[in-house]
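Reviewing the structure listed below.
Only heavy atoms go into these numbers, but all of them, side chains included; no hydrogens, no water, no symmetry mates. Order of listing sets the numbers, starting from 1, for every ligand and every atom in it.
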Amino acid sequence: MDVIIRPTKEEAAHLVARLLAKAVKAKPHTVLGLATGNTMEQVYQQLVKLHREEKLDFSLCRTFNLDEYVGLAPDDPHSYRYFMNSHLFKKVNIDLRNTHLPNGMAADLDAECRAYEYRIQEFGGIDLQLLGIGRAGHIGFNEPLSALRSRTRVKALSPVTIEQNAPLFGGAEKMPRRAITMGVGTILDSRRCILLATGAGKAGIIAKAVEGPITAMISASTLQLHPHCTVVVDDEAAGQLKGADYYRWIFENEPEWEEFR
Ligand code: F6R
């Protein structure tokens, strides 16, 4: 695992966007795994900027999002399909037919989950998976106790996650209680993972995920098992990392990061 600490949330998001852009340029047919949420908004803003100003080309990319709420239609402003369309897909030259999210309205949710896993395999697996982290330590909606080898399935949202996302719905009572999410095993199968966390509110959970024991109680901690995972944080989210000086030293000294310094 690499941990990169940038002074501000803007610089952290900018670095993540540049890592994604580099991957897309190197392999135009990249299969991207995407995330939603407040933290990702700045990354997508930066990608749109790179598309407009530097002609970053998404025309051959395929995407698979981590999750979708059960019971929300794609045109519901709270759905993750709506989020992706408005923050990224409709602002770059991606073919919407190449963008995939689980269908939270499917009559048979289990069949939808199996089909989603199958589709990811059909496209050759995920090259680069973008991740945020919830206050409960989730990646995707893999809430505490999610099995380390879990696949795409329906999960009940934890009270911490409901509290985290309720303001977006105008109150907890208006929020769906379940979501379809890629499993921890699905995420760990991706060839590369990049997790972005910003703000002091994420400092405690980031320290547990990066430096604590691997546990099903904090699904982000399982990224310690991933052979190519980069965690990008701003100074605030890095606030409780014991090894911060060492991680900064690696970033300043490893030739791999020279172009990103
Ligand atoms: C959403 C997702 C979640 C979020 C996490 C952080 O697709 O996968 O794991 O990344 O809840 O959300 P924010 O960025 O809103 O704090």
Side-chain angles (χ1 to χ4, degrees), residues 9-10 12-13 16-17 20 32-46 63-70 72 74 76-89 99-104 113 116 120 126 128-144 146 150 152-169 172 175-188 190 193-206 208-209 217-223 229-234 236-237:
K9 65 176 185 204
E10 289 79 15
V16 170
L20 259 96
L32 291 171
L34 297 176
T36 58
N38 292 327
T39 318
M40 292 305 139
E41 287 185 23
Q42 295 221 338
V43 175
Y44 297 144
Q45 260 173 36
Q46 294 288 340
T63 68
F64 285 90
N65 265 79
L66 284 164
D67 40 22
E68 180 59 282
Y69 289 109
V70 168
L72 296 195
D76 185 313
H78 294 113
S79 75
Y80 284 165
R81 164 53 82 179
Y82 191 94
F83 177 102
M84 290 310 301
N85 283 354
S86 49
H87 288 283
L88 184 67
F89 298 155
T99 66
H100 305 269
L101 280 93
N103 175 11
C113 294
Y116 201 65
I120 293 172
I126 291 170
L128 196 169
Q129 177 66 57
L130 186 57
L131 298 162
I133 182 171
R135 280 186 228 147
H138 68 206
I139 44 178
F141 274 131
N142 289 291
E143 303 292 52
S146 287
S150 50
T152 302
R153 69 216 184 289
V154 176
K155 275 301 277 185
L157 304 181
S158 70
V160 176
T161 297
I162 292 174
E163 195 189 315
Q164 176 190 304
N165 290 0
L168 303 168
F169 286 81
M175 238 191 106
R177 288 294 187 264
R178 296 183 305 154
I180 295 181
T181 179
M182 279 186 203
V184 176
T186 321
I187 293 168
L188 293 180
S190 61
C193 286
I194 299 177
L195 184 144
L196 173 65
T198 57
K202 297 280 171 73
I205 198 68
I206 276 291
K208 285 183 184 158
M217 292 305 288
I218 298 172
S219 21
S221 69
T222 63
L223 294 170
C229 177
T230 307
V231 173
V232 181
V233 287
D234 64 356
E236 286 187 1

**OP:** Any side-chain hydrogen bond (donor to acceptor under 3.5 Å, both in side chains) involving residues 176-186? Give me the pairs, sequence neighbours left out, ordered by first then second residue.
**Re:**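 Non-adjacent pairs meeting side-chain hydrogen bond (donor to acceptor under 3.5 Å, both in side chains): E117-T186.
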
Original post:
Does the ring centre of Y44 sit less than 6.0 Å away from the ring centre of F89?
Top reply: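 No, the ring of F89 stays outside the 6.0 Å limit from the ring of Y44, centre to centre.
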
Original post:
Any idea which residues sit under 4.0 Å from ligand 1, heavy-atom distances?
Top reply: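 Answer by chain and number: A35, T36, G37, N38, T39, L66, D67, Y80, G132, I133, G134, H138, G140, Q164, K202.
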
Original post:
In chain order, what residues pass the side-chain hydrogen bond (donor to acceptor under 3.5 Å, both in side chains) check against T222, with sequence neighbours excluded?
Top reply: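 Expected list: none.
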
Original post:
Sequence neighbours excluded, which residues qualify as side-chain contact (heavy atoms from CB on, under 4.5 Å) partners of V160?
Top reply: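 So V160 forms a side-chain contact (heavy atoms from CB on, under 4.5 Å) with R135, A136, S158.
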
Subject >> Mutual orientation of the aromatic rings belonging to F169 and Y69 [parallel < 30°, tilted 30-60°, perpendicular > 60°] >> reply: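 Ring orientation of F169 relative to Y69: perpendicular.
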
Subject >> Nearest-0.5 Å distance, CD of residue E68 to CG of residue L101 >> reply: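 So the CD of E68 and the CG of L101 are separated by 5.5 Å.
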
